[in-house]
Amino acid sequence: MDATTRFFEEIDRREYEPRLAKTAGTMRVDLQEGPHTMHWFLRIDHGRISVSRENQEADTVIGTSPGLFEDIAAGREHGIAAVLRGDMTVAGDPRLFVQVERTFPGNPDARGPRRKFGQEVR
């Protein structure tokens, strides 16, 4: 199973995400590759989340390639950085994307703070 599918299935399985307790709305992720588009639809109601594969209107619509979203879902890429580079689009309410982006995994190779109590960490 790919990281994208795991990411969405894990969110759906949890049913509640405390980091989204103050968030409500719908978001559709459109993964476009050539003439084909795969959809993931999230309905968020103050932390309660349901995920489907529906192609319906949403408050926020994210558009990107399956490869880039795979990297985001695996923690190898940062969603907001991809938007700022123009590799991913956000239509509708960008605040919802910023909130949901917090649920993406972090970089598995990331290290803690560069300095710890005034000393360089090696």
Side chain to side chain donor-acceptor pair (under 3.5 Å) involving Thr26 - partner list, sequence neighbours excluded: Asp59
For Asp45, all residues meeting side-chain contact (heavy atoms from CB on, under 4.5 Å), sequence neighbours excluded: Arg48
Exercise: identify the closest heavy-atom pair between Pro94 and Gly92: CD-O, 3.0 Å
Residues which pass side chain to side chain donor-acceptor pair (under 3.5 Å) with Arg13, listed by chain and number, not counting sequence neighbours: Glu10
Qualifying residue for side chain to side chain contact (heavy atoms under 4.5 Å, CB included) with Arg53, from Phe8, Trp40, Phe41: Trp40
For Thr64, all residues meeting side chain to side chain donor-acceptor pair (under 3.5 Å), sequence neighbours excluded: none
Nearest heavy atoms of Pro105 and Ala73, plus distance in Å: CG-O, 2.9 Å
Contact list for residues 70-98, test ring-ring contact (aromatic ring centres under 6.0 Å, His included), sequence neighbours left out: none
Partner residues of Phe104 under the ring-ring contact (aromatic ring centres under 6.0 Å, His included) criterion, sequence neighbours left out: Phe7, Phe69
For Arg85, all residues meeting side-chain contact (heavy atoms from CB on, under 4.5 Å), sequence neighbours excluded: Leu68, Glu77, Ala81, Ala82, Asp87
Derivation of the side chain to side chain contact (heavy atoms under 4.5 Å, CB included) call for Thr60 and Val90: CA-CA 7 Å; Thr60 304; Val90 178; 3.8 Å; yes
List the atom pairs, with distances to 0.1 Å, where a side-chain N or O of residues 28-38 and a protein N or O form a donor-acceptor pair under 3.5 Å, not counting sequence neighbours.
from: Arg28; atom 1: NE; to: Asp30; atom 2: OD1; distance (Å): 2.8
from: Arg28; atom 1: NE; to: Asp30; atom 2: OD2; distance (Å): 3.3
from: Arg28; atom 1: NH1; to: Gln56; atom 2: O; distance (Å): 2.8
from: Arg28; atom 1: NH2; to: Asp30; atom 2: OD2; distance (Å): 2.9
from: Asp30; atom 1: OD1; to: His39; atom 2: ND1; distance (Å): 2.7

Met88 reachable from Val61 in the ILVMFWY side-chain graph, under 4.5 Å edges: no
Residue pairs fulfilling ring-ring contact (aromatic ring centres under 6.0 Å, His included) with at least one residue in residues 43-62, sequence neighbours excluded: none
Listed partners of Glu17 passing side-chain contact (heavy atoms from CB on, under 4.5 Å), at least two apart: Arg14, Arg19, Leu20, Ile49, Thr103
Inter-residue atom distance Arg43.CZ - Ser52.OG, 0.5 Å rounding: 7.5 Å
Partners meeting side chain to side chain donor-acceptor pair (under 3.5 Å) with Asp12 (sequence neighbours left out): none
Non-hydrogen side-chain atoms of Ile62 and Met27 separated by less than 4.5 Å: yes
